[in-house]
Amino acid sequence: MGKYIIEGGKRLVGEINVTGAKNSVLPVLAATVINNDTSTIFNCPNLRDVEVMEQILKTIGCKVNRMDDMTYVDSRPINKMRISEELVREMRSSIILMGAMLARFGEVEISYPGGCEIGPRPIDLHLKSLRELGAIIEESHGFLYCKAENLRGCEIQLDYPSVGATENIMMVAVKAKGTTIIRNAAREPEIIDLQNYLNVAGAKIYGAGTSVIRIDGVDSFNSVEHNIIPDRIVAGTYMVAAAITGGEVVLKNIEVEHIQSIIAKLREAGCMVYNNCTTLKVIGPRRPNAIETVQTLPFPGFPTDMQAQMMALLSLANGTSIISETVFENRFKHVEELVRMGANIKTVGKAAVIKGVEGLTGAKVSAKDLRGGASLVLSGLAAKGTTEVDNIYHIERGYDGLEKILQSLGADIKKI
Ligand code: EPZ
């Protein structure tokens with residue numbers, strides 16, 4: 001298990017390019033199954049999760065080539081309807097292949113994704129909606145056996161604006177007879193990116209990015225070229241790296257509309273943020289201000305994927321902040337690790353009370369999940385002395401070349 005060794009106290013200064021969005025390229029790669037043709041996807045990040053999705057596509061028969069940040073998929077040769085269990089277990093978000101395979105073949109066998117480090121991750125909203133569209137889904141021995149001879153459009157009211165459920169419904173509905181309306185749909189930018197990919201492939205989807213999405217079923221598709229949007233969570237993470245070290249960092253290739261809630265909270269914490277549509281500069285304060293409350297919410301609210309990073313920053317603030325995690329049940333695993341570094345944080349149910357301290361001290365800490373692991377690296381950048389972060393495979397699932405990018409900004413970080 002790899003680890004990062006960080007000597008804290010260096011101010012980060014410089015300029016970086018933000019890579020393509022993990023949570024956009026994963027559903028788009030799943031959707032390449034649908035068009036029974038070729039797809040060329042640009043601005044794909046080099047991440048473990050992307051490799052797993054490409055591996056899954058290969059095991060069912062797709063031709064997949066990767067050249068730098070471009071992934072080429074030919075979905076014509078698919079000859080398997082069963083998605084291998086070990087790969088689905090490795091990455092639960094592969095459940096969005098269920099919708100893509102049902103659209104293409106009207107059948108799929110896929111293992112239950114199971115929980116992960118941040119909570120049970122149920123898929124009840126996915127299953128309920130796909131059944132409303134006409135899918136017959138049997139669950140047995142941890143596997144889902146799905147059939148859908150005649151998919152027909154319908155009106156779906158989501159109990160919760162689930163990102164994955166919205167994506168699965170979109171992918172099935174593009175081939176369903178008639179019109180599907182999704183209400184209380186997720187509004188994340190990654191949903192818009194999936195709509196754009198599918199519409200270039202020949203689908204008729206309207207309204208992604210709003211709570212009501214309309215899909216008119218079609219039955220023929222064509223090849224696609226598509227550019228993945230920038231990763232708003234990777235951007236937010238490097239913004240916090242600048243903030244927590246009192247640095248001055250320029251981020252290029254961002255979509256500023258996707259990170260307005262992150263900009264607002266960093267300004268509240270005392271950062272200066274200057275931006276145009278695709279570039280942004282963050283100047284960190286000498287010491288962050290406390291923020292009375294940070295509540296994680298579905299987009300356009302403050303993202304749950306930035307909760308741990310914000311907590312790292314606020315653990316050094318001049319006052320007490322409260323973070324309320326409303327999206328996931330168990331996303332505070334980084335708290336005890338931050339406390340080992342001298343943070344003063346108490347969790348009460350879905351809330352964490354963070355009493356800012358003057359400084360953190362380097363320690364041996366463990367990454368327990370992707371974003372929690374990132375928050376430990378951020379704390380290590382600011383802590384006095386040496387911080388060792390182990391189990392960094394969690395972090396490498398979502399950050400492409402993290403230590404190299406931080407080194408380019410002046411951080412003293414090594415991967416061993
Ligand atoms: C996506 O997960 C992201 N993953 C997550 O990013 C992100 O945290 C999450 O959306 C919220 O923004 C990908 O896009 C690959 P949800 P997803 O369905 O689709 C409950 C990261 O760090 N729920 O919106 O699984 C669920 O338990 C990852 O990059 C149900 O109850 O998120 C959770 O509490 C982590 N039943 C809440 O909804 C369902 O059927 C939000 O889940 C589905 C979800």
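All residue numbers refer to positions in the sequence shown, counting from 1. As the structure is a computational prediction, the values presented were derived from the model and not from experiment. As the structure lists them, so they are numbered: ligands from 1, and atoms in each ligand from 1.
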Please verify whether a non-hydrogen atom of Ala165 lies at under 4.0 Å from ligand 1.
no
shortest atom 31 (O) of ligand 1-to-protein heavy-atom contact is with Pro122 CG, 3.3 Å
Counting only heavy atoms closer than 4.0 Å, does ligand 1 sit against the backbone of Gln307, its side chain, both, or neither?
neither
Taking non-hydrogen atoms only, is Thr304 closer than 4.0 angstrom to ligand 1 via side chain, backbone, both or neither?
side chain
Below 4.0 angstrom from a heavy atom of Arg331, which ligand 1 atoms are there? Numbered from 1 as shown, please.
8 (O), 22 (O), 35 (C)
Would you mind checking if Arg48 and Glu51 are paired as a salt bridge, meaning a charged N to carboxylate O distance below 4.0 Å?
yes
Does ligand 1 have a heavy atom under 4.0 Å from the side chain of Leu370, from its backbone, from both, or from neither?
side chain
Is it the side chain, the backbone, both or neither of Tyr160 that has a heavy atom closer than 4.0 Å to ligand 1?
side chain
Please list the nearest protein heavy atom to atom 6 (O) of ligand 1 with its residue and the distance rounded to 0.1 Å.
Asp305 OD2, 3.0 Å
Looking at Asp159 and Lys128, is any side-chain nitrogen of the basic one under 4.0 Å from a carboxylate oxygen of the acidic one?
yes
Of all protein heavy atoms, the one nearest atom 40 (O) of ligand 1 is Leu125 N, 2.7 Å
Does the pair Glu138/Lys147 count as a salt bridge with the N-to-O cut at 4.0 Å?
no
If you count the non-hydrogen atoms of other residues, nucleotides and ligands that lie under 6.0 Å from NZ in Lys350, is the total more than 12?
yes
Would you call Lys346 and Glu336 a salt bridge, using N to O less than 4.0 angstrom?
no
Should one rank Arg371, Glu188, Glu190, Glu325 by closest heavy-atom distance to atom 22 (O) of ligand 1, which comes out on top?
Arg371
Please report which non-hydrogen protein atom sits nearest to atom 15 (C) of ligand 1, along with the residue it belongs to and the distance in Å to one decimal place.
Asn23 OD1, 3.3 Å
Between Tyr197 and Thr32: side-chain donor-acceptor atoms closer than 3.5 Å
no
Starting from atom 32 (O) of ligand 1, locate the nearest protein heavy atom and write down its residue, its atom name and how far away it is, to 0.1 Å.
Phe328 CZ, 4.1 Å
Between Arg214 and Glu155, is there a side-chain N and carboxylate O pair less than 4.0 Å apart?
no
Would you say ligand 1 has an N or O under 3.5 Å from any N or O of Gly164?
yes
Go through ligand 1 atom by atom and flag the ones less than 4.0 Å from a non-hydrogen atom of Val327.
33 (C), 34 (O), 37 (C), 41 (C)
Give a yes/no on ligand 1: does Lys128 have at least one heavy atom closer than 4.0 angstrom to it?
no
Hey, which atoms in ligand 1 end up nearer than 4.0 Å to a heavy atom of Ser93?
15 (C)
Under-4.0 Å salt bridge between Asp369 and Arg371:
no
Under a heavy-atom criterion of less than 4.0 Å, does Arg92 contact ligand 1?
yes
Begin from the C-alpha positions of Ser366 and Asp390 and carry the test side chain to side chain donor-acceptor pair (under 3.5 Å) through to its verdict.
CA-CA 5 Å; Ser366 268; Asp390 68 12; 2.5 Å; yes
Using a strict cut-off of less than 4.0 Å between a Lys/Arg side-chain nitrogen and an Asp/Glu carboxylate oxygen, indicate whether Asp68 and Arg66 qualify as a salt bridge.
no
Atom 2 (O) of ligand 1: the protein heavy-atom neighbour that sits closest, reported with distance to 0.1 Å:
Arg121 NH2, 3.5 Å
Under the 4.0 Å line, does any protein heavy atom show up next to atom 20 (C) of ligand 1?
no
Atom indices of ligand 1, in the order listed, that fall short of 4.0 Å to a heavy atom of Lys22
21 (C), 29 (O)
Mind checking whether His334 and Phe332 have parallel, tilted or perpendicular rings, split at 30° and 60°?
perpendicular
Give me the nearest non-hydrogen protein atom to atom 36 (N) of ligand 1 as residue plus atom name, then the distance to 0.1 Å.
Asp124 OD1, 2.7 Å
Are any of the side-chain nitrogens in Lys3 or Glu388 under 4.0 Å away from the carboxylate oxygens of its partner?
yes
Answer with side chain, backbone, both or neither: which part of Leu127 has a heavy atom less than 4.0 angstrom from an atom of ligand 1?
neither
With a cut-off of under 6.0 Å to the ring centre and 45° to the axis, is Arg104 in cation-pi contact with Phe221?
no
Ligand-residue contact atoms, ligand 1 with Ile123, heavy atoms, under 4.0 Å:
39 (C), 40 (O)
Among all protein non-hydrogen atoms, which one is nearest to atom 24 (O) of ligand 1, and what is the separation to 0.1 Å?
Val163 N, 2.9 Å
